[in-house]
Number of protein chains: 2
Amino acid sequence: MTERTPRKDAVRNRAALLAAADALFADGGSAETVTMADVATAAGVGKASLFRAFGDRTGLIRALYAARLEPVRQAVESGPPPLGPDTPAPERVFALLDTLLCFKLDNRHLVLALEGTGDDSPYRAEHYGHWHALLESTLRRIPGLPDPAFAAHALLAATRADLVEHLAGHEGVPRETLRAHLATFTARVLSGPVP
Amino acid sequence: MTERTPRKDAVRNRAALLAAADALFADGGSAETVTMADVATAAGVGKASLFRAFGDRTGLIRALYAARLEPVRQAVESGPPPLGPDTPAPERVFALLDTLLCFKLDNRHLVLALEGTGDDSPYRAEHYGHWHALLESTLRRIPGLPDPAFAAHALLAATRADLVEHLAGHEGVPRETLRAHLATFTARVLSGPVP
DNA sequence: GAACGATACGGACCCCGGGTCCGCTTCGCA
DNA sequence: TGCGAAGCGGACCCGGGGTCCGTATCGTTC
């Protein structure tokens, strides 16, 4: 392996940077007003250390994102129903989308920052491929549902971070209302057309 | 009025800038590699003239966008069925979404540039509000369809420019396939659940 | 615990792109 | 043909992402 145990000041700095970045993204309201120099300063660290630890801005945001997403990922991969693998297809579709919606509601600033990185479309990110593959394979188990790949894209699009932000943040739609709307919409898609 | 007839070199430059920007956005493949200085140079004009004519980058892209969208807007507002106002609700929903999809397919570079402006979410743009209001009011005429406002958002999300770009550009889904998938998906949403 | 290579630090620095300023040119009206 | 004013253009500014290199720290070895 080319692995090399990092020095302990490095891991300490990395943790401080993650914490500072998290706080700044959460506080500042809208993202993109937080600069890399801000993060480094808030963590009491030089800019170079920030870039050494995370590569670039996208790397930093991805690291934050991954840390927040980790429990969700575990619950989906090996947790109990209705999120885990041992769930009937329709219930799992609802659970997946609801979980994703709640995650985005709880981490709006982060997800917005990640999707708004600008350099590449969010569809290139590996985590999108992950969610899409999972949702598509689940949809495929539902009899009579055509084009599961497209349906997965379309349903995921309904939970896009900026749409969620617009509805919850700007229009003030309450959390439970939003969840109910998404569930109702999903139900429409899952149940076939009237004969 | 505070209107003042602009000098003719001004209108000539404005046209040259629009043409140059259009060509550059179309050629360059991916957006964001086109800089404002590029546009000015390609039009044989100074940077200041570019900013004087359009205010800022977003203004330029919006001007291009509005020009391209104008015929579509007219067809929707006062054209014949199935796009115009004299269309039964379900058919019009299909026509609206299909038109929007085709528009985004034909103007991928532009719409990507507009949505990727980064400074504000695409949901703040006035044209989004326009499309949403129209689609929502049409959906409202369909009996038994709950949450027309949310459904309108979700259906519009399925035609997001970066999703379209991902499917058509990156995954190579043919145009007609994409249109068919969107229509099928829409049909699922419009028709009620099986009793 | 002293010495030394490797690893990490940090802030000065570079680059690039959006946006502005100001001396000069051109228009268009009389 | 002359003279304001509208318009021009490129040099300039600024802010933010990303890098360089001399210096400090780690941790391992004797």
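Just so it is clear: chains get the letters A, B, ... in the order the sequence lines come, proteins before strands, and each one is counted from 1. We use all heavy atoms of the structure for the numbers below, so side chains are in, but hydrogens, waters and symmetry mates are not.
Residue B/Met36 is the one, among B/Met36 and B/Lys8, whose nearest nucleotide of DNA chain C lies closer to the 5' end (criterion: closest heavy atom). Summary of the strand contacts: B/Ala37 and B/Arg12 both lie near DNA chain C, and taking for each the nucleotide with the nearest heavy atom, the more 5' one is attributed to B/Ala37.
The residues B/Asp162 and A/Arg160 are annotated as salt-bridged, a charged nitrogen and a carboxylate oxygen being separated by less than 4.0 angstrom.
Judged by atom type and distance alone, A/Lys47 reaches the base of D/dG18 through a side-chain donor-acceptor pair under 3.5 Å. For C/dA8, the base has no donor-acceptor partner in the side chain of A/Arg7 [N/O atoms by modelled type, under 3.5 angstrom].
Note on B/Arg57: a side-chain N or O is less than 4.0 Å away from OP1 or OP2 of C/dG18.
In the set D/dG7, C/dG10, D/dC26, D/dG7 carries the atom at the smallest distance from any side-chain atom of B/Asp9. Considering only the side chain of B/Thr35, C/dG17 comes nearest among C/dG17, D/dC8, C/dC21. Nearest nucleotide to the side chain of A/Ala48, out of C/dG11, D/dC8, C/dG19: C/dG11.
Under the 3.5 Å distance criterion, the side-chain polar atoms of B/Arg188 are matched with a main-chain donor or acceptor of A/Leu190.
Note that the two end axes of the helix from C/dG1-D/dC30 to C/dA30-D/dT1 enclose an angle of 0°, each drawn from 5 base pairs, rounded to 10 degrees.
With sequence neighbours left out, B/Glu77 forms a side chain to side chain donor-acceptor pair (under 3.5 Å) with B/Arg73.
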